[in-house]
Amino acid sequence: MKHLFQAALNWSSNKSQEETTSRSTKNHQIKIEGKPVLNVSAAKAFKGDPSLYNPEDLLLSSLVSCHMMSYLYVCSQNEIEVLEYSDHAEATLEVNPDGSGRFVEAKLFPKVKISNPDQIELALELHTKANQLCFIANSCNFPVLHEGSCE
């Protein structure tokens, strides 16, 4: 089974050559039908607008979100009632001397609260299964690690 996802990107300088700054030239919009426009720029480290999302933010956000949804799915399969879920993830980007780069690792730190304390050990183990099912983690060419906690 395959699913197609689409996104449209729009960019315009809207300034004369003299007025254009490296920051403004990196701002753009992504449109997905039926959803609010997403204003995006480069990361601050790459002279983008720090008030906007950047591709690196969005990649990490996708990992965190997908892992949570996969985790909730495997918990429901194992009859674990999840009451709360939070995460404060981080990803490491290495930039090469030629300007190319790549993420080399992402770490997720999911903190989960469940209703039955007898299921804490299983709830922690299920992060591995969730990681195996996560569409986004499976699409990455770098390790996606998780250090979960549960109460």
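Residues: numbered from 1 along the sequence shown.
Although no hydrogens or angles enter the test, the distance criterion places a donor-acceptor pair under 3.5 Å between the side chain of Asp98 and the main chain of Ser100. Within the 3.5 Å criterion, the main-chain N or O of Glu56 finds a donor-acceptor partner in the side chain of Asn54. Here the side chain of Asn39 pairs no donor or acceptor atom with the backbone of Gln29 at under 3.5 angstrom.
A distance of 10.0 Å separates CD in Glu105 from CD in Glu94, rounded to the nearest 0.5 Å. Note that CD1 of Ile80 and CG of Asp118 are 11.0 Å apart. Values are rounded to the nearest 0.5 Å. Rounded to the nearest 0.5 angstrom, Asp87 CG and Lys107 NZ are separated by 13.0 Å. Taking CG of Leu124 as the start and OG of Ser149 as the end, the distance is 7.5 Å to the nearest 0.5 Å.
At least one side-chain heavy atom of Lys26 sits less than 4.5 Å from a side-chain heavy atom of Lys47. In this structure the side chain of Lys111 never reaches within 4.5 angstrom of the side chain of His88, judged on heavy atoms.
Using modelled atom types, one finds a donor on one side chain and an acceptor on the other under 3.5 Å when comparing Ser41 with Asn27.
Cluster membership check: Trp11 shares its hydrophobic cluster with Tyr53, using side-chain heavy-atom separations under 4.5 Å among Ile, Leu, Val, Met, Phe, Trp and Tyr. Under the 4.5 Å side-chain contact rule for hydrophobic residues, Leu108 and Leu133 do not share a cluster. The cluster map of Ile, Leu, Val, Met, Phe, Trp and Tyr, joined by side-chain heavy atoms under 4.5 Å apart, puts Leu122 and Val112 in the same cluster.
When every heavy atom of Ile120 is checked against every heavy atom of Ile114, the shortest pair comes out as N-CD1, 3.7 Å. Heavy-atom minimum distance, Ala7 versus Ile30: CB-CG2, 4.1 Å. Minimum interatomic distance between Asn78 and Gln119 (heavy atoms only, all atoms of both residues): O-NE2, 3.9 Å.
Evaluation of the ring-ring contact (aromatic ring centres under 6.0 Å, His included) rule for Phe142 yields Phe103 as partners, not counting sequence neighbours. Listed by chain and residue number, nothing satisfies the side-chain hydrogen bond (donor to acceptor under 3.5 Å, both in side chains) test with Asn138 (two or more places apart in sequence, or in another chain).
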Report the C-alpha distance between Asn141 and Arg102 in whole Å, list the side-chain angles of each, state the deciding distance to 0.1 Å, and finish with yes or no for side chain to side chain contact (heavy atoms under 4.5 Å, CB included).
CA-CA 9 Å; Asn141 66 353; Arg102 65 187 286 279; 3.8 Å; yes

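Heavy-atom neighbours of Glu90 CD from other residues, nucleotides or ligands within 6.0 Å: above the threshold of 12.
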Identify every side-chain donor-acceptor pair in residues 58-74 under 3.5 Å, counting partners at least two apart or on other chains, and give the distances.
residue	atom	partner	partner atom	Å
Ser61	OG	Asp57	O	2.7
Ser62	OG	Leu58	O	2.9
His67	NE2	His127	ND1	3.0
Ser70	OG	Cys66	O	3.0
Tyr71	OH	Ala123	O	2.8
Tyr73	OH	Gln77	NE2	2.8

